[in-house]
Amino acid sequence: MEAYTQQVITVIQEIPTGTVATYGQIARLAGNPRAARQVARILHSMSQKYDLPWHRVVNAKGEIVIGDPEIAFTQTALLSEEGIEVSEKGKVHLSKYQWNPRDHDSDWMYG
DNA sequence: TTGATGACATAGC
DNA sequence: CGCTATGCCATCA
């Protein structure tokens with residue numbers, strides 16, 4: 001278990017209910033902006049070893065592009081449980097449900 | 001260690 | 001908005 005992996009897992013667990021985060025976003029918060037792929041890899045691998053809220057993780061477009069329809073369906077269902085609206089194609093309104101990680105660390109530059 | 005893989009992101013057309 | 005090409009690097013065999 002590398003520090004980065006542990007970090008990614010921590011970040012994912014930081015995702016509040018009712019919101020979704022993108023791989024790139026998690027990767028950045030984890031410290032590796034280029035490791036967006038590894039986030040996916042970590043989910044796929046670790047989610048079956050740890051209890052990660054992987055369902056709150058989507059791609060940069062907010063779509064559920066998972067290969068297995070079962071998993072995609074599960075994610076859609078879970079997101080629905082969180083109160084998140086999901087399109088027929090498994091798309092989510094990032095502008096409405098994307099996680100705003102300013103709570104993670106007060107390093108915001110909008111104000 | 002080496003080689004191959006992948007639940008993605010970003011840039012150009 | 002969709003397709004093509006490249007980068008990036010942890011995980012698995």
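Below, read A as the first sequence line, B as the second, and so on, with proteins coming before strands; counting in each chain starts at 1. What's counted below: heavy atoms across the whole structure, side chains too, no hydrogens, waters or symmetry copies.
Using modelled atom types, one finds a donor on one side chain and an acceptor on the other under 3.5 Å when comparing A:E85 with A:Y97.
Applying the side chain to side chain donor-acceptor pair (under 3.5 Å) test to pairs two or more places apart or on separate chains, those with a residue in residues 17-27 of chain A are A:T17-A:R56, A:Q25-A:Q98.
A:L29 has its CG atom 16 Å from the C1' atom of B:dC8, to the nearest Å. A:E63 places its CD atom 11 Å from the P atom of B:dC8, with the value rounded to the nearest Å. For the pair A:Q75 CD and B:dC8 P, the interatomic distance rounds to 11 Å; values are reported in whole Å. Atom CG of A:N59 is separated from atom P of B:dA7 by 12 Å (rounded to the nearest Å). Going from atom CG of A:L43 over to atom P of B:dA9 covers 12 Å, rounded to whole Å. One atom, CD1 of A:I66, and another, P of B:dA7, lie 9 Å apart when rounded to the nearest Å.
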Set out, in order, the CA-CA distance, both residues' side-chain angles and the distance that settles side chain to side chain contact (heavy atoms under 4.5 Å, CB included) for A:V20 and A:I15, then state yes or no. CA-CA 7 Å; A:V20 296; A:I15 304 174; over 6 Å; no
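No contact: A:I64 has no heavy atom under 4.0 Å from any strand.
A:Q75 places a side-chain N or O within donor-acceptor distance of the main-chain N or O of A:V57, the cut-off being under 3.5 Å. A donor-acceptor pair under 3.5 Å is formed between the side chain of A:Q48 and the backbone N or O of A:H44. With hydrogens and angles disregarded, no donor-acceptor distance shorter than 3.5 Å links the side chain of A:S80 to the backbone of A:T76.
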Distances under 3.5 Å between nitrogen or oxygen atoms of protein and nucleotides 11-13 of chain B:
none

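A donor-acceptor contact under 3.5 Å is not formed by the side chain of A:T22 with the base of B:dA9.
Nearest approach of A:L52 to A:S47, heavy atoms of both residues: CD1-N, 4.1 Å.
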What string of B, S and - do you get for nucleotides 7-13 of chain C 5' to 3' if you count protein non-hydrogen atoms under 4.0 Å? BBBSSS-
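Looking only at side-chain heavy atoms (C-beta outward), A:W99 and A:L29 come within less than 4.5 Å of each other.
Taking only side-chain atoms of A:W54, from C-beta outward, the nucleotide of B:dA9, B:dA7, B:dT10 with the closest atom is B:dA7.
For the atom pair OG1 (A:T5) and OH (A:Y50), the distance works out to 9.0 Å, reported to the nearest 0.5 Å.
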